[in-house]
Amino acid sequence: MGLFKRIKNIMAKPEPPRVEKSMLTIGPGDVCEVSLVTYQVVGRLHNRQRNIVVLTLQDGSAISYLTIEERERTEFALYAPIDGRLDSVEEVPTELELDGRMFYLEEQYSGLVVTTGRTPFVQGGEQYVWQFQSDDMKLLRIEWQDGRFMLYEGEDVLSADVRVLRGS
């Protein structure tokens with residue numbers, strides 16, 4: 001090794017330590033575990049105004065969606081897409097009956113979202129969300145963006161049941 005190369009290596013800044021990925025920072029290509037099921041993350045949607053991330057998770061051919069919301073504590077909910085149809089944004093009711101279960105509107109918001117990888121909506125943009133909850137704590141989520149509705153049914157997940165297995 002030449003003298004100049006040794007001096008250059010002595011003067012070079014050391015590489016910063018690698019930051020561990022968290023559930024809020026993982027994205028497509030990473031692997032996580034939710035309720036003892038291992039998923040590959042294939043898409044990510046981020047609403048910066050609300051600090052909400054929706055991960056598209058794939059386990060074999062099954063697709064699930066994990067919402068992660070950072071409030072005073074981090075809240076997780078796992079959803080599966082369901083068939084359904086609504087005609088207009090103005091016609092989203094405050095109460096919905098689905099398979100004999102009543103869901104009540106809990107929260108409604110909108111905001112700009114950024115997407116990466118495979119998500120229900122190909123592009124980012126303005127997204128409207130309605131979140132419903134039933135008396136037995138089941139969740140229903142409705143999203144609207146660019147004239148398209150997506151409906152999901154799911155439930156809350158304990159934070160201890162969610163972890164990053166491999167972040168790239």
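Quick caveat: nothing in here was measured; it's all calculated off a predicted structure.
- Shortest non-hydrogen contact noted between Q145 and G125 is NE2-N, 3.7 Å.
- Criterion: ILVMFWY side-chain heavy atoms under 4.5 Å apart, direct or through other members. Under it, M150 and V122 are not part of a common hydrophobic cluster.
- Interatomic distance, OG1 of T56 versus CG of L66, reported as 10.0 Å (0.5 Å rounding).
- Of the possible donor and acceptor atoms, one in the side chain of D30 sits under 3.5 Å from a partner among the backbone N and O of G27.
- For the pair P28 and G117, the tightest heavy-atom approach, listed with the atom from each and the gap, is CG-CA, 4.0 Å.
- Within the 3.5 Å criterion, the main-chain N or O of D135 finds no donor-acceptor partner in the side chain of R101.
- The NE2 atom of H46 lies 7.0 Å from the CG atom of L24; values are rounded to the nearest 0.5 Å.
- Legend: side chain to side chain donor-acceptor pair (under 3.5 Å) pairs involving residues 112-121, not counting sequence neighbours, sorted by first then second residue: Q58-R118.
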T67 vs V53, side chain to side chain contact (heavy atoms under 4.5 Å, CB included): CA-CA, chis, key distance, verdict: CA-CA 6 Å; T67 62; V53 173; over 6 Å; no
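- Side-chain contact between T74 and I68 is present, with at least one heavy-atom pair separated by less than 4.5 Å.
- The hydrophobic cluster containing I82 also contains F149, counting ILVMFWY residues as joined when their side-chain heavy atoms lie under 4.5 angstrom apart, directly or transitively.
- Taking the side chain as every heavy atom from C-beta outward, S35 and V157 approach each other to under 4.5 Å.
- Between G154 and Y79, the shortest heavy-atom distance links the atoms N-CD2, 3.6 Å.
- No single ILVMFWY cluster, assembled from side-chain heavy atoms under 4.5 Å apart, contains both Y65 and L151.
- Around atom CG of D136, more than 12 heavy atoms belonging to other residues, nucleotides or ligands sit under 6.0 Å away.
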From CA spacing to verdict: side chain to side chain contact (heavy atoms under 4.5 Å, CB included), V92, L86: CA-CA 7 Å; V92 175; L86 294 169; 4.0 Å; yes
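- A 6.0 Å sphere centred on CD of Q123 holds no more than 12 heavy atoms belonging to other residues, nucleotides or ligands.
- Distance check: S110 OG to Q127 CD gives 9.5 Å after rounding to the nearest 0.5 Å.
- Taking the ring pair (Phe, Tyr, Trp, His ring centres under 6.0 Å) definition, one finds that Y128 meets it with W144, sequence neighbours left out.
- Legend: residues meeting side chain to side chain contact (heavy atoms under 4.5 Å, CB included) with E95, ordered by chain and number and at least two apart, are M102, Y104.
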Report the C-alpha separation of V31 and V41 in whole Å, then their side-chain angles, then the decisive distance to 0.1 Å, and conclude whether the side chain to side chain contact (heavy atoms under 4.5 Å, CB included) test is met. CA-CA 6 Å; V31 178; V41 179; over 6 Å; no
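- Looking at heavy atoms from C-beta onward, R48 lies out of side-chain contact with L112 at the 4.5 angstrom threshold.
- In this structure, the side chains of I63 and L57 stay at 4.5 Å or more apart for every pair of heavy atoms.
- In this structure, E97 places its CD atom where more than 12 heavy-atom neighbours from other residues, nucleotides or ligands lie under 6.0 Å away.
- Under the side chain to side chain contact (heavy atoms under 4.5 Å, CB included) criterion, D87 pairs with R85, E91, not counting sequence neighbours.
- Cluster membership for F76 and V54, using ILVMFWY side-chain heavy atoms within less than 4.5 angstrom, is not shared.
- Put simply, CE on M23 and OG1 on T25 are 9.0 Å apart, with the number rounded to the nearest 0.5 Å.
- Pairs of residues two or more places apart, or lying in two chains, that qualify as side chain to side chain donor-acceptor pair (under 3.5 Å) and include a residue from residues 150-163 are E33-R163, K138-E155, E143-Y152.
- Applying side-chain contact (heavy atoms from CB on, under 4.5 Å) to F103 and the options L98, T94, I142 leaves one that passes, L98.
- Between E107 and R50, at least one side-chain N (NZ, or NE/NH1/NH2) sits under 4.0 Å from a carboxylate O, which counts as a salt bridge.
- The closest side-chain heavy-atom distance from D146 to F121 is not below 4.5 Å.
- To the nearest 0.5 Å, atoms CG (L140) and CG (L96) are separated by 6.0 Å.
- The two atoms that bring G29 and Q40 nearest to each other are CA-NE2, 4.3 Å, heavy atoms only.
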Go through R141 and V129 one step at a time and tell me if the side chain to side chain contact (heavy atoms under 4.5 Å, CB included) criterion holds. CA-CA 7 Å; R141 179 179 172 96; V129 176; 3.7 Å; yes
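- One distance of note links CG of N9 with CE of M11; it measures 11.5 Å at 0.5 Å rounding.
- V37 is linked by a side chain to side chain contact (heavy atoms under 4.5 Å, CB included) to Y39, D59, counting only residues two or more places apart in sequence or in another chain.
- Across Y109 and Q131, no two heavy atoms sit closer than the pair OH-OE1, 3.8 Å.
- Summarising the geometry of C32 relative to I26, their closest heavy-atom pair is CB-CD1, 4.1 Å, with the distance given to 0.1 Å.
- The hydrophobic clustering, which links ILVMFWY residues whose side-chain heavy atoms are closer than 4.5 Å, places V34 and V42 apart.
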